[in-house]
Undergrad: 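Next up is a structure, given as structure tokens.
Source: prediction; values computed, not measured. Labels below follow one simple rule: chain letters A, B, ... track the order of the sequence lines, proteins then strands, and each chain is numbered from 1. Note: hydrogens, waters and symmetry copies are ignored here, and every other heavy atom, side chains too, is used.
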Amino acid sequence: MSSSDSDDDMPLAQRAAQNVDVKPASNGAAAAKRPAARKPSSAAARSSPSSGSSGSDSDSDSDSDSEDDVPLSQRTPQPKAGAKRKKPAAAAVKKQPAKKQKTNSGSSTRPKSGGKGGGEPKWTTLVHSGVLFPSEYEPHGVKVLYEGKPVELTPEQEEVASMFAIMKETDYMSKPTFLKNFWEGFKEVLGRGHVIKDLAKCDFTPIYDHLMAERDKKKALTKEEKAAIKVQKDAAEAKYKHALVDGRQEQVGNFRVEPPSLFRGRGEHPKMGKIKQRVYPRDITINIGRDAPIPEHPYPGQRWKEVRHDNTVTWLAFWKDTVNPKEYKYVWLGATSSFKAESDLLKYEKARKLKDYITDIRKNYKRDWESSDVRKKQMGVAVYFLDKLALRAGHEKDDDEADTVGCCTLKVENVECVPPNHIKFDFLGKDSIRYENTVDVELAVYKAVQAFIKVDAKGKRKGPRDMLFDTFDATDLNKELKGLMDGLSVKVFRTYNASITLDRLLSEMEEAEEDAYAAKSVDAKKADYDRANKEVAILCNHQRSVPKTHETSMAKVTEKLNAMREEIKALEEEHETALKAKGRGKNPDAIASKLSKKMAALEKAELQAAVKEDLKTVALGTSKINYMDPRISIAWCKRNEVPIEKVFNKSLLSKFHWAMDVESSFRF
DNA sequence: ACTTAGACTTGGAAAAATATTC
DNA sequence: GAATATTTTTCCAAGTCTAAGT
């Protein structure tokens with residue numbers, strides 16, 4: 001049933017290569033033959049000066065727009081090639097101020113909802129160009145060997161074979177689940193009665209080699225050739241990069257439709273190796289302002305799955321993942337957008353609010369540790385874990401997902417009571433990253449956990465795979481938290497914990513050295529900052545795999561350090577002899593200054609090496625991006641005259657623009 | 001009550017871009 | 001200036017959490 005819905009992708013094969021992306025001049029042509037191409041003035045969200053004014057603001061096209069609202073089925077049937085249109089005239093920043101009424105009420109056909117803000121409108125006008133499709137598959141003709149003999153494959157089969165071939169050197173190749181899932185998918189693509197009957201007898205090496213050669217070829221292009229390609233790519237992408245939200249130009253995040261591939265789940269994911277099908281316009285739902293032109297796409301026979309005008313949500317498009325049909329893939333605005341900035345601020349303000357409640361919350365859960373109500377007692381311990389360890393909530397997971405846990409899904413086997421009062425945690429968390437931590441806990445907690453490990457609320461004995469907390473799940477816990485503070489949920493503890501820790505560590509360092517602190521070198525201060533950042537990352541268990549080159553590059557560094565030490569020793573001796581020579585030889589002072597310079601350099605290099613070793617498994621980025629209130633960092637920079645650029649790179653600077661004018665006295 | 005849909009944040013790895021070294 | 005090391009960006013998977021549906 002694979003190809004099932006066929007029919008409208010029949011022409012697929014032919015249209016292959018051509019249209020779609022890259023193609024400088026032809027680009028326009030390809031775009032021209034599309035279907036839904038509506039009217040002339042499809043506002044291309046060019047980076048127009050935007051400065052306003054723009055005398056040319058002609059807009060006028062409001063004539064027959066009405067059709068946008070038609071659900072889709074009864075849209076102008078098959079636009080067919082005839083609908084030729086010239087370039088979509090330069091951007092026409094439509095503003096249409098007074099229209100909001102209509103647009104707002106518009107989305108009524110839809111579930112209304114809209115997550116967070118409830119049904120609150122998030123925008124009034126929304127203009128964008130939709131999504132950019134990956135280019136069609138171009139067959140290379142290289143054959144798979146089956147029992148040593150080359151096998152002819154159709155382009156469709158070859159495409160799938162190539163997805164597999166490219167993964168030759170990954171360790172997915174040694175995972176039975178991956179191989180099994182891939183083979184099931186591949187078998188289906190091959191069709192019944194195909195010569196290939198056993199994956200183990202296939203040799204994809206020729207394809208792998210070919211793909212590698214292609215990659216090398218690309219890498220070997222001259223600077224000019226590469227630049228030319230980039231120009232083309234940029235041109236193809238340009239119109240997708242921005243959207244117009246209530247007249248403001250905003251960056252779009254992921255406007256590219258994900259290309260077909262093999263699903264690479266993390267950890268022991270039951271679905272790894274399944275084929276992620278190609279996504280077409282007919283799979284994609286577009287969300288756009290009622291008065292905005294419907295985005296075009298390069299598939300003449302197709303139309304979007306649906307076009308909505310739902311202003312209670314912030315996504316521009318979505319499609320259902322083919323591997324996991326319960327999952328949606330959304331296209332959103334970028335991190336710099338006002339949607340994101342606003343919710344970022346909200347997130348941190350909520351976490352700050354927890355400060356005012358945390359004392360009571362702690363008092364509460366301590367009392368609950370003693371409760372005779374098992375559920376109360378378990379919740380008390382769970383909240384304590386959130387507070388102390390910043391664990392994730394841990395929602396229930398299906399059997400077709402990797403088996404990972406969080407606070408509420410901890411199993412008996414994940415915790416161990418180590419006398420007199422330590423609890424050892426060992427489990428796979430998000431992304432199957434291992435969490436291993438032994439913590440000191442209050443005796444009451446220790447005792448409580450000992451009990452939870454043994455029996456459930458009804459007194460039944462537990463086994464290793466049973467839930468540690470058997471009286472509630474993450475949803476229940478969140479409901480409970482709502483009673484403690486408006487808007488409180490499990491993840492708020494993580495944000496709170498991370499931010500308050502950074503704030504505390506930074507000010508402790510400042511206070512330790514008082515006025516002298518400002519006088520420290522910027523490098524030294526930055527090192528302090530990184531140390532604090534590291535603490536937060538460890539708290540949140542943000543890990544990374546050791547870089548493949550770590551070992552060798554570390555050896556190199558050590559070697560260099562030794563060389564420096566030798567040099568210093570030599571200089572010291574030289575200095576000694578110069579002193580003895582009393583002016584008849586070299587100038588001892590010159591040597592001394594050279595020496596101290598070398599020693600400073602050595603010190604710096606040693607520090608660098610230590611940090612490198614120290615951070616080989618710690619990822620600082622995640623907490624910086626998602627957990628530490630940027631205002632803490634910015635205020636710290638201001639107080640200590642550290643340029644913000646030392647702490648935030650270009651994208652972080654723009655992501656956190658909303659926080660830039662915080663006062664230097666800001667405390668989380 | 002419970003299950004699922006839906007929407008949004010968070011996460012590590014890989015790829016690409018830059019900086020540094022030889 | 002090519003080779004390497006480091007940083008940034010991209011990719012897309014995997015969480016959280018609320019609301020809707022039954």
Undergrad: Quick one about A:R631 and A:Y348 (side-chain donor to acceptor, distance below 3.5 Å, no hydrogens or angles considered), yes or no?
TA: no
Undergrad: Ignoring backbone atoms, establish whether A:W332 has a side-chain N or O less than 4.0 Å from OP1 or OP2 of B:dC8.
TA: yes
Undergrad: Out of C:dA5, C:dT16, C:dA13, which nucleotide sits closest to the side chain of A:D321?
TA: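 Closest nucleotide among those given: C:dA13.
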Undergrad: Using a strict threshold of under 4.0 Å (side-chain N to carboxylate O), is an ion pair present between A:K397 and A:D403?
TA: no
Undergrad: Ignoring backbone atoms, test whether A:N649 places a side-chain nitrogen or oxygen under 4.0 Å from the OP1 or OP2 oxygen of C:dT7.
TA: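 Indeed not, no polar side-chain atom of A:N649 lies that close.
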Undergrad: Within the structure, does a side-chain N or O atom of A:T314 lie under 4.0 Å from either OP1 or OP2 of B:dA7?
TA: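 For A:T314, the contact criterion (side-chain N or O under 4.0 Å from OP1 or OP2 of B:dA7) is not met.
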Undergrad: At less than 4.0 Å, is any side-chain N or O atom of A:H542 found next to OP1 or OP2 of B:dG11? Yes or no.
TA: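 Looking at the OP1 and OP2 atoms of B:dG11, one of them is under 4.0 Å from a side-chain N or O of A:H542.
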Undergrad: Taking 4.0 Å as the cut-off, does a side-chain nitrogen or oxygen of A:K347 come that near to OP1 or OP2 on B:dC8?
TA: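 False: A:K347 side-chain N/O out of range (4.0 Å or more) of B:dC8 OP1/OP2.
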Undergrad: Return the polar atom pairs (N/O with N/O) between nucleotides 16-22 of chain B and the protein under 3.5 Å, or none.
TA:
none

Undergrad: Within the pair A:K326 and B:dT4, is there a side-chain N or O less than 4.0 Å away from OP1 or OP2?
TA: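 For B:dT4, neither OP1 nor OP2 has a side-chain N or O of A:K326 closer than 4.0 Å.
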Undergrad: Tell me whether the side-chain N/O atoms of A:T622 come closer than 4.0 Å to OP1 or OP2 in B:dG12.
TA: yes
Undergrad: On the ring face of A:W332, is A:K340 found with NZ or CZ under 6.0 Å from the centre and within 45° of the axis?
TA: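 That pair qualifies as a cation-pi contact.
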Undergrad: Counting N and O atoms only, with roles assigned by atom type, does the side chain of A:E184 sit under 3.5 Å from a partner on the main chain of A:L179, one being a donor and the other an acceptor?
TA: no
Undergrad: Is A:H269 near enough to C:dA14 that one of its side-chain N or O atoms lies under 4.0 angstrom from OP1 or OP2?
TA: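 Checking C:dA14 against A:H269, a side-chain N or O does come within under 4.0 Å of OP1 or OP2.
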Undergrad: By ring pair (Phe, Tyr, Trp, His ring centres under 6.0 Å), which residues pair with A:F668, not counting sequence neighbours?
TA: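 Once residues adjacent in sequence are excluded, A:F668 has no partner under the ring pair (Phe, Tyr, Trp, His ring centres under 6.0 Å) criterion.
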Undergrad: Which nucleotide in the list C:dT18, B:dG12, B:dT9 gets nearest to the side chain of A:S343?
TA: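 From the listed options, B:dT9 comes nearest.
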Undergrad: Under 4.0 angstrom, heavy atoms only, what part of the nucleic acid is A:G394 near: base, sugar-phosphate, or nothing?
TA: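 Sugar-phosphate contact only.
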Undergrad: Please enumerate all protein N or O atoms sitting under 3.5 Å from an N or O of nucleotides 13-15 of chain B, with distances to 0.1 Å.
TA:
| from | atom 1 | to | atom 2 | distance (Å) |
| --- | --- | --- | --- | --- |
| B:dA13 | OP1 | A:S545 | OG | 3.3 |
| B:dA13 | OP2 | A:S545 | N | 3.1 |

Undergrad: Could you work out, with ring pair (Phe, Tyr, Trp, His ring centres under 6.0 Å) as the rule, every residue matching A:F339, not counting sequence neighbours?
TA: none
Undergrad: Between A:N181 and A:F178 (side chain of the first, backbone of the second, donor and acceptor by atom type, cut-off under 3.5 Å), is there such a pair?
TA: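 Checked: no pair found.
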Undergrad: Just jot down the side-chain contact (heavy atoms from CB on, under 4.5 Å) partners of A:L615, sequence neighbours excluded, or say none.
TA: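 Only A:K534, A:V611, A:V618, A:L620 meet the side-chain contact (heavy atoms from CB on, under 4.5 Å) criterion with A:L615.
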Undergrad: Considering just the side-chain nitrogens and oxygens of A:K482, establish if one lies under 4.0 Å of OP1 or OP2 belonging to C:dT18.
TA: yes
Undergrad: Where the side chain of A:K241 meets the backbone of A:V252, is there a donor-acceptor pair that is under 3.5 Å apart?
TA: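 No, the answer is negative, given that no donor and acceptor are paired below the 3.5 Å cut-off.
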Undergrad: Name the nucleic acid region contacted by A:P259, choosing base, sugar-phosphate or nothing; use a 4.0 angstrom heavy-atom cut-off, strictly under.
TA: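 Counting heavy atoms under 4.0 Å across all strands, the contact made by A:P259 is with sugar-phosphate only.
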Undergrad: Can you measure A:Y348 atom OH to B:dT9 atom C1' for me and round it to whole angstrom units?
TA: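 Taking atom C1' of B:dT9 as the reference, OH of A:Y348 is at 11 Å.
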Undergrad: Could you give the CG-to-P distance, from A:N541 to C:dA14, as a whole number of Å?
TA: 17 Å
Undergrad: Could you tell me whether A:D398 contacts a base, only the sugar-phosphate backbone, or nothing, with contacts defined as non-hydrogen atoms closer than 4.0 Å?
TA: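 Contact class for A:D398: none.
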Undergrad: Counting only side-chain N and O atoms of A:K276, is one of them less than 4.0 Å from OP1 or OP2 of C:dA13?
TA: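 So the side-chain polar atoms of A:K276 do come within 4.0 Å of the phosphate oxygens OP1 or OP2 of C:dA13, strictly under.
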Undergrad: If you find the nucleotide of DNA chain C closest to A:R256 and the one closest to A:S432, which residue's nucleotide is nearer the 5' end?
TA: A:R256
Undergrad: Considering only C:dA13, B:dC8, B:dG11, which nucleotide approaches the side chain of A:K122 most closely?
TA: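 Among C:dA13, B:dC8, B:dG11, the one nearest the side chain of A:K122 is B:dC8.
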Undergrad: For the residue pair A:H128 and A:F255, is the inter-centroid distance of their aromatic rings smaller than 6.0 Å?
TA: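 Ring centroids of A:H128 and A:F255 are no less than 6.0 Å from each other.
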Undergrad: Taking atom NZ as the centre, does A:K218 end up with more than 12 heavy-atom neighbours from other residues, nucleotides or ligands that are less than 6.0 angstrom away?
TA: no
Undergrad: Quick one: is B:dT9 close enough that its OP1 or OP2 comes under 4.0 Å of any side-chain N or O from A:Y627?
TA: no
Undergrad: Taking any heavy-atom pair under 4.0 Å as a contact, classify A:K397: base, sugar-phosphate, or nothing.
TA: sugar-phosphate
Undergrad: C:dT6 phosphate, OP1 or OP2: any side-chain N/O from A:K612 under 4.0 angstrom?
TA: yes
Undergrad: What is the distance from CG of A:L346 to P of C:dT18, rounded to the nearest Å?
TA: 13 Å
Undergrad: Considering residues at least two apart in sequence or located in another chain, which fulfil the ring pair (Phe, Tyr, Trp, His ring centres under 6.0 Å) criterion with A:Y208?
TA: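 Scan of A:Y208 (ring pair (Phe, Tyr, Trp, His ring centres under 6.0 Å), adjacent residues dropped) gives none.
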Undergrad: Which part of the nucleic acid, if any, lies within contact of A:G621, taking any heavy atom under 4.0 Å across all strands shown: a base, the sugar-phosphate backbone alone, or nothing?
TA: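 A:G621: no heavy atom of the nucleic acid under 4.0 Å.
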Undergrad: Look at all strands and tell whether A:K226 reaches a base, only sugar-phosphate, or nothing, counting heavy atoms closer than 4.0 Å.
TA: nothing
Undergrad: Closer to the 5' end of DNA chain B via nearest nucleotide, is it A:Y330 or A:D344?
TA: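 Result of the comparison: A:Y330.
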Undergrad: Remember a base hit wins even if backbone is also touched, and classify A:T404 as base, sugar-phosphate or nothing at under 4.0 Å, heavy atoms.
TA: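 Counting heavy atoms under 4.0 Å across all strands, the contact made by A:T404 is with sugar-phosphate only.
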Undergrad: How long is the line joining CG of A:L615 and P of C:dA5, in whole Å?
TA: 18 Å
Undergrad: How do A:G487 and A:E327 order along DNA chain C: which one's closest nucleotide is nearer the 5' end?
TA: A:E327
Undergrad: Please tell me if A:S489 has a side-chain N or O lying less than 4.0 Å from either OP1 or OP2 of C:dC17.
TA: yes
Undergrad: Would you indicate, yes or no, if B:dC8 has its OP1 or OP2 atom less than 4.0 angstrom from a side-chain nitrogen or oxygen of A:K491?
TA: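 For A:K491, the contact criterion (side-chain N or O under 4.0 Å from OP1 or OP2 of B:dC8) is not met.
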